*Asks:* 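Handing you a structure now.
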Number of protein chains: 2
Amino acid sequence: MDGVTHTRTTRLERGRGALGPALELVHTGRAPTRAVLTSELGVTRATAGAVAAELEALGLITVDAHPTAAAGTQGRPSHRLFIADQGPVVLAVQIHADGYRVALVGLGGRIVATTSGCGTIPADPAHILAEAVRAGSGLLRDSGRQCLGAGLAVPSAVAEPDGEALNPLHLAWPAGAPVRALFLQALADAKVPGVTEHVGFSGNDVNLTALAEHRHGAGRGARDLLCVASGHRGVGGALVLDGRLHSGSSGLALEVGHLTVNPEGAPCHCGSRGCLDVEADPLAFLGAAGRTPGPEGSLLKQATDLLREEYADASVRAAGELLIDRLGLGIAGLVNILNPDRIILGGLHRALLEADPERLRAVVADRSLWGRSGGVPILPCTLDHNALVGAAELAWQPVLDDPLVVLESERAG
Amino acid sequence: MDGVTHTRTTRLERGRGALGPALELVHTGRAPTRAVLTSELGVTRATAGAVAAELEALGLITVDAHPTAAAGTQGRPSHRLFIADQGPVVLAVQIHADGYRVALVGLGGRIVATTSGCGTIPADPAHILAEAVRAGSGLLRDSGRQCLGAGLAVPSAVAEPDGEALNPLHLAWPAGAPVRALFLQALADAKVPGVTEHVGFSGNDVNLTALAEHRHGAGRGARDLLCVASGHRGVGGALVLDGRLHSGSSGLALEVGHLTVNPEGAPCHCGSRGCLDVEADPLAFLGAAGRTPGPEGSLLKQATDLLREEYADASVRAAGELLIDRLGLGIAGLVNILNPDRIILGGLHRALLEADPERLRAVVADRSLWGRSGGVPILPCTLDHNALVGAAELAWQPVLDDPLVVLESERAG
DNA sequence: TGACTTTGTATCCGGTATGAACAAAACACG
DNA sequence: CGTGTTTTGTTCATACCGGATACAAAGTCA
C-alpha cells in the first residue's frame with residue numbers, strides 16, 4: 001500500500017517549472033551564462049532570465065555586475081552566473097576503514113569546510129556516526145551557513161528502502177546495521193539546524209563516487225556512466241543512467257565483485273572461484289607482485305604506491321598487467337551488459353589505468369562484443385573526496401528537484 | 001555537435017501537460033475509470049475530466065454512457081474508460097527465422113489484424129521488408145483505420161543511432177544491414193498512409209518482448225524489469241528501467257549471451273567457453289537430452305515440445321535440470337549487477353521455468369548475493385506475439401509522449 | 001560613427017492546472 | 001420511502017508558467 005502510494009506521488013513530481021533543471025545546470029557547471037542557460041533549457045531568453053533572477057533571489061546563485069567580453073566574440077557580452085559565495089550547504093559524512101570524514105558541501109560540489117577523525121574504528125556504528133555528526137555540526141556553526149540536508153557514504157551495500165548496511169566488510173559493524181536510521185538519529189541528537197525534513201540519505205561509497213564524478217568530475221556529460229573501483233578489499237561498481245544513480249530495486253545493483261574473470265582462480269567466499277573481488281583488489285595485486293602487506297598504511301595505499309613508484313620492476317609490472325587483464329575481462333562483461341558511454345575507474349583501478357592505459361583499453365575492446373566500434377572511453381576519477389561529494393549530492397537532490405524548498409527550510413530554520 | 005543538440009532537445013520534452021501520462025495509463029490498463037485516473041495522475045478531478053474529454057475528442061478513448069456500480073461500493077459509480085473501438089493503429093512488423101509477421105496494433109497492445117508470410121528467408125533484407133510492408137499496407141486498407149506509425153522487430157542487436165542489424169545470426173543477412181533505413185524505404189515505397197513523420201523504429205526482438213510484457217503482460221507494474229529469452233540460437237536479454245527500455249548508449253546493452261556459466265563448458269565463438277549462449281539455448285537442450293535436431297519445426301519448437309511432453313523421461317529431465325542450473329547461474333549474475341524487481345522469461349527459458357519453477361528460483365536465490373531477502377519474482381511471459389506488440393510500442397511512443405500528434409497526422413493523412 | 005550581432009527585459013497572451021461550488025448517482029439507514 | 005452520506009463528475013473563475021514579440025543595452029566590425 002505505502003509502496004503504491006510512493007510510486008504514485010513521485011510520478012508527476014517534476015518540480016516547479018524550469019527552476020530545478022536550471023539549478024542543476026549551474027550546479028553541474030553547464031550553465032556559465034544566462035545565454036547558454038537559455039539554449040540548454042530550450043526555453044526563451046525571457047524565461048531563462050526570470051529563472052536566473054529567481055535563483056538569485058533564493059540566494060543560490062549570483063550574477064556578475066560587469067560582464068567582460070570574451071575575446072573574439074560579437075554581440076553583447078553575457079553576464080556570468082556564479083554559485084552564491086555564502087549560499088547554503090549540505091552536510092556530508094563518509095565512514096571508512098580508518099575513521100570518518102565530514103564536510104560542508106556547497107552547490108557545484110564545492111567543499112567549503114572539512115575535518116576528519118581517525119584511529120577509532122568502533123564496532124558500534126551509532127557511536128562513530130554521532131561523533132562525525134557532532135564534528136559536522138561544529139563546522140556548520142563556525143561557517144554560519146544555512147544547511148539544507150545531509151548525506152552519508154558507507155563502504156558497504158546499502159539496502160533500500162530501509163537503509164541497512166549489508167556488508168560493512170572492513171568496518172567492525174554488524175551486517176544489517178540500520179545506518180540510515182542511525183544517521184538520522186545522530187542528526188536529530190546533534191540538533192543540526194536546518195536538517196529537519198529533506199535529510200538523511202545514505203549510500204554505498206562507490207555509488208556516490210560515481211554520482212559525484214558524473215556531476216563534477218570525469219563523468220560530466222556522460223549519459224550512461226559506469227564506475228568501477230577498488231578501495232580496500234573487493235571491487236565495487238556503480239551506474240549512473242540519465243543523470244540518476246541506478247541502484248536497483250533494493251539498492252543492491254552493481255555488485256560486480258563476483259563476475260568470473262579467471263575460471264582457474266582463487267576461491268571466493270561466494271562459493272565460486274576467480275571472482276573479480278579476489279582477483280583485482282589491492283590484496284590480489286600485492287600478492288601477485290610477491291609482496292606481503294605491511295602494517296603501514298592501508299592496502300590501497302601500499303598497492304598504489306607500489307604501482308606508481310616501482311612499475312619499472314619486472315615483478316610489479318607483471319602483477320600490474322595480470323590485474324589489468326583480469327579487470328579488463330570484468331569490465332568487458334559489464335560493457336556487454338550495460339553498454340555505457342563512458343567508464344571511470346577509482347582506487348586501485350585508477351592507478352592500474354594510469355600505469356598502462358593502452359593495455360586496459362585493448363583488453364576491454366578485445367573482449368567486449370562490439371568493441372571494434374570505437375570502444376568505450378575509460379577514464380580515471382578526478383575528484384578529491386568523491387564519495388563525500390557524492391553523499392552531498394544525495395542531500396542536494398531535493399533542492400535540485402525543486403529549488404523552492406529552500407524557502408520552506410528558511411521558514412523552519 | 002549534433003549529439004549535443006540531440007540531448008538538449010530531449011531534455012525538457014515532457015509533452016504537453018498531463019495528456020501523455022493519462023493516455024499511457026489507459027494504454028497500460030492502469031486507468032479503468034476517471035476516478036483512478038485522477039489519483040494516478042495526482043491531479044484534480046477537474047483536470048482528469050478535461051484530459052479524458054480531450055482524449056475522447058481525439059478519438060483515442062471512449063467513456064461508457066451507463067456506468068454500472070461495482071458491488072460493495074458506495075457513492076456515484078465511475079464511468080469506465082475504454083480504448084476506442086475504431087481508434088488509430090500502428091503497423092508492426094516482425095522478421096524471424098521462418099519469415100515475417102505483420103499486424104495492426106491498437107492502443108493497449110491489441111492486435112487488430114495480423115498476417116504472416118513464411119518459407120522465404122531471402123538474403124536480401126530489402127526484399128522481405130518490402131513484402132511485409134506491402135502485406136501490412138493491405139491490412140491497413142482493409143481495416144479502414146488511421147495509422148500513426150510503424151515499428152520493426154528483428155532478431156539481432158540493432159546499433160543506434162543508425163539502426164543497423166549487427167548480428168542477424170539466423171537470417172541470411174549481411175552483418176551491419178541498415179534495417180531501419182530499409183524499413184523506412186519500404187514504408188515510403190508502399191506509400192503507407194499516415195506514416196509520414198513519427199515512424200520507423202526498429203529494435204532487437206528480445207528488447208521489444210520486454211517492452212511489450214512490461215506494458216501489457218507479466219511485467220506490468222514492475223519498475224526495473226529484466227527479460228531473458230532464447231528463441232532459436234543464443235540467449236538474449238533486455239531491461240526496462242522506469243518504464244523505458246534501456247538499450248544502452250549505442251543500443252547494444254544486455255548482450256547477456258556471453259556470461260560464463262560453465263567454466264569447463266563448450267567453446268563459444270566469442271573466444272571464451274561455457275557462455276550462456278552455448279549452454280542454455282534450444283540446441284544445447286536438445287544436445288543435453290541426447291536428441292539430434294530434426295528437420296521439422298524450429299529448434300525452439302522441438303526443444304519446447306520435448307520439454308513439455310516428455311519431461312517424465314529421465315534424460316529429458318536431466319537435460320532440463322542442467323539447463324535450469326546454467327540459466328540460473330547466468331540470471332543470478334545479472335541479478336547481482338542489475339537488481340531488478342522482476343524477471344520474466346521467454347522462449348525456451350519460459351518452458352524451462354514452467355517445467356520446474358522451484359528449481360530455477362532456488363538456483364537464482366542461492367547464487368545471487370542477496371537472494372535471501374525474499375528473492376526476485378521470476379515469471380513466464382504471457383503475451384502472444386510479444387515482440388510484435390513491442391515493435392508497436394515503439395511506434396506508439398510518440399503518441400504516448402504527446403497525444404496531440406494525432407491531429408498533425410490527421411491533417412497530413 | 002553607424003551597421004550588425006548578441007544578450008537581456010518588458011509586456012501581452014495563451015494554455016494548463018487549481019480550487020471551490022454545484023450537480024449527479026449510487027448506497028445506508030431510520 | 002425519503003433523507004443523509006459518499007463518491008464522482010462538471011462548471012467557472014483564477015493563478016501561474018512559459019511563449020512570442022518588441023524593445024533596449026552592450027559590445028564588435030567596418
Side-chain angles (χ1 to χ4, degrees), chain A residues 9 11-23 25 31-58 61-81 401-404 407, chain B residues 9 11-23 25 31-58 61-82 401-405 407:
Chain A
T9 53
R11 178 151 303 281
L12 280 188
E13 235 174 45
R14 54 168 190 269
R16 270 103 127 192
L19 262 192
L23 182 58
L25 286 170
T33 69
R34 270 184 283 213
V36 327
L37 184 62
T38 301
S39 65
E40 288 284 310
L41 285 176
V43 297
T44 60
R45 289 201 299 277
T47 1
V51 163
E54 182 146 13
L55 291 177
E56 195 176 11
L58 289 170
I61 71 170
T62 54
V63 182
D64 65 347
H66 299 292
T68 58
T73 61
Q74 287 196 74
R76 176 176 173 175
S78 278
H79 295 239
R80 280 178 303 170
L81 304 178
D401 287 341
D402 178 9
L404 296 184
L407 291 180
Chain B
T9 52
R11 178 153 302 282
L12 280 187
E13 234 175 48
R14 56 168 188 270
R16 270 104 129 192
L19 262 193
L23 182 58
L25 286 169
T33 69
R34 270 183 283 212
V36 326
L37 184 63
T38 301
S39 65
E40 288 285 310
L41 286 175
V43 298
T44 60
R45 287 201 301 276
T47 358
V51 163
E54 182 147 11
L55 290 178
E56 195 176 10
L58 288 170
I61 71 171
T62 54
V63 183
D64 65 346
H66 299 291
T68 58
T73 61
Q74 285 196 75
R76 175 175 173 176
S78 279
H79 295 237
R80 282 178 302 170
L81 304 179
F82 298 106
D401 287 342
D402 177 11
L404 295 185
V405 298
L407 292 180

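Convention: sequence-line order gives letters A, B, ...; per-chain numbering from 1. Just so you know, these numbers come straight off a predicted model, no measurement behind them.
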*Asks:* Rounded to whole Å, how long is the line connecting atom CG of A:Leu37 with atom P of C:dT6?
*Replies:*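 One finds 19 Å between P of C:dT6 and CG of A:Leu37, rounded.
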*Asks:* Between P on D:dT10 and CZ on B:Arg45, what's the gap in Å once rounded to a whole number?
*Replies:*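 Value for this atom pair: 10 Å.
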*Asks:* Could you give the CG-to-C1' distance, from A:Asp402 to D:dC16, as a whole number of Å?
*Replies:*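 Spelled out: CG on A:Asp402 to C1' on D:dC16 is 14 Å.
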*Asks:* Using whole Å, report how far CG of A:Leu41 lies from C1' of C:dT7.
*Replies:*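 Atom CG in A:Leu41 sits about 16 Å away from atom C1' in C:dT7.
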*Asks:* Nearest whole Å is fine: how far is D:dT10 P from B:Glu54 CD?
*Replies:*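 Rounded to the whole Å, the gap is 14 Å.
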*Asks:* With a 4.0 Å cut-off on heavy atoms, is A:Thr73 in touch with a base, just the backbone sugar-phosphate, or nothing at all?
*Replies:*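 Since only primed, P, OP1 and OP2 atoms lie under 4.0 Å of A:Thr73, the category is sugar-phosphate.
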*Asks:* Between C1' on C:dT16 and CG on B:Leu55, what's the gap in Å once rounded to a whole number?
*Replies:*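 From B:Leu55 CG to C:dT16 C1': 14 Å.
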*Asks:* Less than 4.5 Å apart, side chain to side chain, heavy atoms only: is that true for B:Leu41 and B:Thr47?
*Replies:*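 Answer no - side chains too far apart.
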*Asks:* Between B:Leu55, B:Thr33, B:Leu81, which is the residue that forms a side chain to side chain contact (heavy atoms under 4.5 Å, CB included) with B:Val63?
*Replies:*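 Only match with B:Val63 under side chain to side chain contact (heavy atoms under 4.5 Å, CB included): B:Leu81.
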*Asks:* Locate the shortest heavy-atom distance separating B:Glu40 from B:Leu25; write the atom from each residue and the value.
*Replies:*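 Reported closest heavy-atom pair: CB-CD1, 3.5 Å.
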*Asks:* For A:His79 and for A:Thr44, find the nucleotide of DNA chain D with the closest heavy atom, then tell me which residue's nucleotide is more 5'.
*Replies:*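 Mapping each residue to its closest nucleotide by heavy atoms, the 5'-most match is A:Thr44.
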*Asks:* Checking all strands, does B:Ala46 fall into the base, sugar-phosphate, or nothing category for heavy-atom contacts under 4.0 angstrom?
*Replies:*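 Touches a base.
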*Asks:* When you match B:Leu404 and B:Pro77 each to their closest nucleotide on DNA chain C, which lands nearer the 5' end?
*Replies:*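 The residue closer to the strand's 5' end, by nearest nucleotide, is B:Leu404.
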*Asks:* Side chain of A:Gln74: nearest nucleotide among D:dT28, D:dG19, C:dC27?
*Replies:*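 So the nucleotide nearest the side chain must be D:dT28.
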*Asks:* Mind checking the CG-CG spacing from B:Leu19 to B:Leu58? Nearest 0.5 Å is all I need.
*Replies:*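 B:Leu19 CG to B:Leu58 CG: 7.0 Å, rounded to 0.5 Å.
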*Asks:* Please report, rounded to the nearest Å, how far the C1' atom of C:dA25 is from the CZ atom of B:Arg80.
*Replies:*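 B:Arg80 atom CZ is separated from C:dA25 atom C1' by 16 Å.
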*Asks:* Map B:Arg76 and A:Arg34 onto DNA chain C by nearest heavy atom, then report which one ends up closer to the 5' terminus.
*Replies:*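 Of the two residues, A:Arg34 wins.
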*Asks:* For A:Thr33, answer base if it contacts any base atom (sugar-phosphate contacts may also be present), sugar-phosphate if it contacts only those atoms, and nothing otherwise; contact means non-hydrogen atoms under 4.0 Å.
*Replies:*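 Nothing, no heavy atom under 4.0 Å.
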*Asks:* CG of B:Asp64 versus P of C:dA25: gap in Å, rounded?
*Replies:*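 My rounded result for the distance is 13 Å.
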*Asks:* From the list C:dA17, C:dG8, D:dT28, which nucleotide is the closest neighbour of the side chain of A:Ser78?
*Replies:*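 Shortest atom-to-atom distance from the side chain points to C:dG8.
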*Asks:* Could you grab the distance from atom CZ of A:Arg80 to atom OG1 of A:Thr62, nearest 0.5 Å is fine?
*Replies:*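 So the CZ of A:Arg80 and the OG1 of A:Thr62 are separated by 10.5 Å.
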